[in-house]
Amino acid sequence: MDGLQMHEFKSITKEVCKLPSFFSTTLFKKIDNGTGVVTRNAFIEYWINGNMLTMDIATVIFKILKQPQLSYITQDDFKPVLRELLATHPGLEFLQSTPEFQERYAETVIYRIYYYINRSGNGSLTLRELKRGNIIDAMLHADEEEDINKVLRYFSYEHFYVIYCKFWELDTDHDFLIDKENLIRYGNHALTYRIVDRIFCQVPRKFTSKVQGKMGYEDFVYFILAEEDKSSEPSLEYWFKCIDLDGNGVLTRNELQFFYEEQLHRMECMAQEPVLFEDILCQLIDMIKPEDESLVTLRDLKGGKLSGSVFNILFNLNKFIAFETRDPFLIRQERENPTLTEWDRFAHREYIRLSMEEDVEDVSNGSAEVWDESLEAPF
């Protein structure tokens, strides 16, 4: 090992260090000091003397990714390993001719990681958060699995494609920003104006777009994961903040009624048989089973299996109706694949729908209208 080149270093990354192979470039650059060569002594100095042998894999990955002077990982710290994943993974090879999509894919993976794991929401991923999450297992899975779409946690290309297409459909002027009127069209106008107002007041999360009244792509990724995976803890926290109008940490009857009023009005407009709030309140209490029936806490919601449906009843009419009618298709899906999350099932359905739409458009006019020339659909 007297002077290894980059390409020779890969096997050491995997065999000696037990790391995913797409960490090799990042590790190499940590050790080589810009020389382009790693010597035996330099490796021993970094790996052995740095006590890496005694660390668990999460701590090793944390140390490799973070900047030396910091005690946390930033979003940018993930970019080099994702660049290497894109350059080397057989399931992502087809993206090499579309650098714009490589960049969007990498961004989306990072946003998904931070949505689920950076529970403080401050953009600084700690070692404790890294260990509590499932990102290490997902990285190892991505390294071993040739079909990237089987890596449902974070890395699936199909999942990225669904998120990006959904954003593109709403972003009608393609300035990479979404306003309130764009978002109200989400899911075939499924959401109420009141809940969309709360999102744009940046109650559940401050926008990163820096443009007044506009949501950026990262903000949209957080929104769609919260909307389509309501049983997850980050989602419950996101929507709880929206409903908690006075921010006191409990949901009262008045707050629940405020959001349900618009649902009731929409049902009447659609000639649906309206369900009065009194009846709904009894149903919500039965579903949540709160410690104190006069109010609902976040802890109450996290303890229940039907908590996601509670939010659908309050502000998503399409999902509320599907829940009330006990859609047999959705029930069958859940029974067939009990390990899949709501998000996994949604992304799978949407990817099939989008693929079919693309096929129809390709046949009818030779190209997919959704994409401009610089962002051609990578099929």
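All values derive from a computational prediction rather than experimental measurement.
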Quick check against the 3.5 Å criterion: does [X] have a side-chain atom that pairs as donor or acceptor with the backbone of [Y]?
X: E129; Y: T126; value: yes
X: Q67; Y: Q69; value: no
X: K30; Y: I64; value: yes
X: N49; Y: Y46; value: no

Do the side chains of [Y] and [X] get nearer than 4.5 Å, heavy atoms only?
X: E233; Y: R119; value: yes
X: M215; Y: I199; value: yes
X: V162; Y: H159; value: no
X: S235; Y: Y115; value: yes
X: S232; Y: D229; value: yes
X: S24; Y: E84; value: yes
X: I243; Y: F311; value: yes
X: D219; Y: F223; value: no

What I want to find out is whether [X] reaches [Y] closely enough, with some N-O distance under 4.0 Å, to be called a salt bridge.
X: K131; Y: D56; result: yes
X: D171; Y: K214; result: no
X: E158; Y: K150; result: no
X: K319; Y: E227; result: yes
X: K180; Y: D197; result: yes

Notebook entry, point to check: Do K166's NZ or CZ and the ring of Y186 fall within the cation-pi criteria of under 6.0 Å and 45°?
Noted result: yes

What pair of heavy atoms forms the shortest contact from [X] to [Y], and how long is it?
X: M287; Y: L306; result: CE-O, 3.6 Å
X: L95; Y: Q102; result: O-CG, 3.4 Å
X: I195; Y: C242; result: CD1-CB, 3.7 Å
X: R266; Y: A190; result: NH1-O, 3.0 Å
X: L177; Y: G216; result: CD2-CA, 4.1 Å
X: V60; Y: M55; result: CG2-CB, 3.7 Å

Would you indicate whether [X], at its atom [atom1], is surrounded by more than 12 heavy atoms from other residues, nucleotides or ligands within a distance under 6.0 Å?
X: Y193; atom1: OH; value: no
X: R132; atom1: CZ; value: no
X: Q202; atom1: CD; value: yes

Item checked: Verdict with supporting geometry, E342 and E228, side chain to side chain contact (heavy atoms under 4.5 Å, CB included) -> CA-CA 6 Å; E342 279 180 50; E228 303 301 345; over 6 Å; no

Are [X] and [Y] linked by a side-chain donor-acceptor pair shorter than 3.5 Å?
X: Q75; Y: E107; value: no
X: E278; Y: Q283; value: no
X: N312; Y: S309; value: no
X: N51; Y: T54; value: no
X: S294; Y: D292; value: yes
X: S120; Y: N122; value: yes
X: N134; Y: Y154; value: yes

Using the benzene-type ring in the case of Trp, are the ring centres of [X] and [Y] under 6.0 Å apart?
X: F207; Y: F200; answer: yes
X: Y161; Y: F101; answer: no
X: Y111; Y: Y222; answer: no
X: F315; Y: F320; answer: no

If you measure from [atom1] on [X] to [atom2] on [Y], what distance do you get to the nearest 0.5 Å?
X: L27; Y: T25; atom1: CG; atom2: OG1; answer: 9.5 Å
X: D32; Y: T35; atom1: CG; atom2: OG1; answer: 4.5 Å
X: L92; Y: L86; atom1: CG; atom2: CG; answer: 5.5 Å
X: L276; Y: M267; atom1: CG; atom2: CE; answer: 9.0 Å
X: I57; Y: L140; atom1: CD1; atom2: CG; answer: 4.5 Å

Would you say [Y] ends up clustered with [X] if hydrophobic residues are merged whenever their side chains have heavy atoms under 4.5 Å apart, either directly or through other cluster members?
X: V211; Y: V203; result: no
X: V250; Y: L314; result: no
X: Y351; Y: F346; result: yes
X: Y72; Y: Y114; result: no
X: I48; Y: I31; result: yes

Item checked: Worked check of side chain to side chain contact (heavy atoms under 4.5 Å, CB included) between T252 and L245 -> CA-CA 9 Å; T252 62; L245 292 170; over 6 Å; no

Margin query: Could you walk me through whether Y164 and Y105 satisfy the ring-ring contact (aromatic ring centres under 6.0 Å, His included) test, starting with their C-alpha distance in whole Å, then the side-chain angles of each, then the deciding distance to 0.1 Å, before giving a yes or no?
Written below: CA-CA 9 Å; Y164 191 75; Y105 169 83; over 10 Å; no

Check: F277 vs Y260 aromatic rings, parallel, tilted or perpendicular, using cut-offs 30° and 60°?
Finding: tilted

Next item on the list: Determine, stepwise, if the pair T59 / I61 fulfils side chain to side chain contact (heavy atoms under 4.5 Å, CB included).
Entry: CA-CA 5 Å; T59 309; I61 284 176; over 6 Å; no

Next item on the list: Show the numbers, then the answer: is there a salt bridge (charged side-chain N to carboxylate O under 4.0 Å, His left out) between E261 and R194?
Entry: CA-CA 10 Å; E261 277 172 358; R194 287 181 179 179; 3.0 Å; yes

Note to self: What verdict does the salt bridge (charged side-chain N to carboxylate O under 4.0 Å, His left out) test give for K302 and E237, after you've listed the backbone C-alpha separation in whole Å, the side-chain angles of each residue and the deciding distance to 0.1 Å?
What the structure shows: CA-CA 9 Å; K302 286 182 177 180; E237 290 167 11; 2.7 Å; yes

Next item on the list: I would like to know whether L130 and I135 meet side chain to side chain contact (heavy atoms under 4.5 Å, CB included); could you show each step before the answer?
Entry: CA-CA 7 Å; L130 192 73; I135 181 60; 3.5 Å; yes

Item checked: Test salt bridge (charged side-chain N to carboxylate O under 4.0 Å, His left out) applied to R353 and E350, step by step -> CA-CA 5 Å; R353 181 186 69 80; E350 282 300 303; 2.8 Å; yes

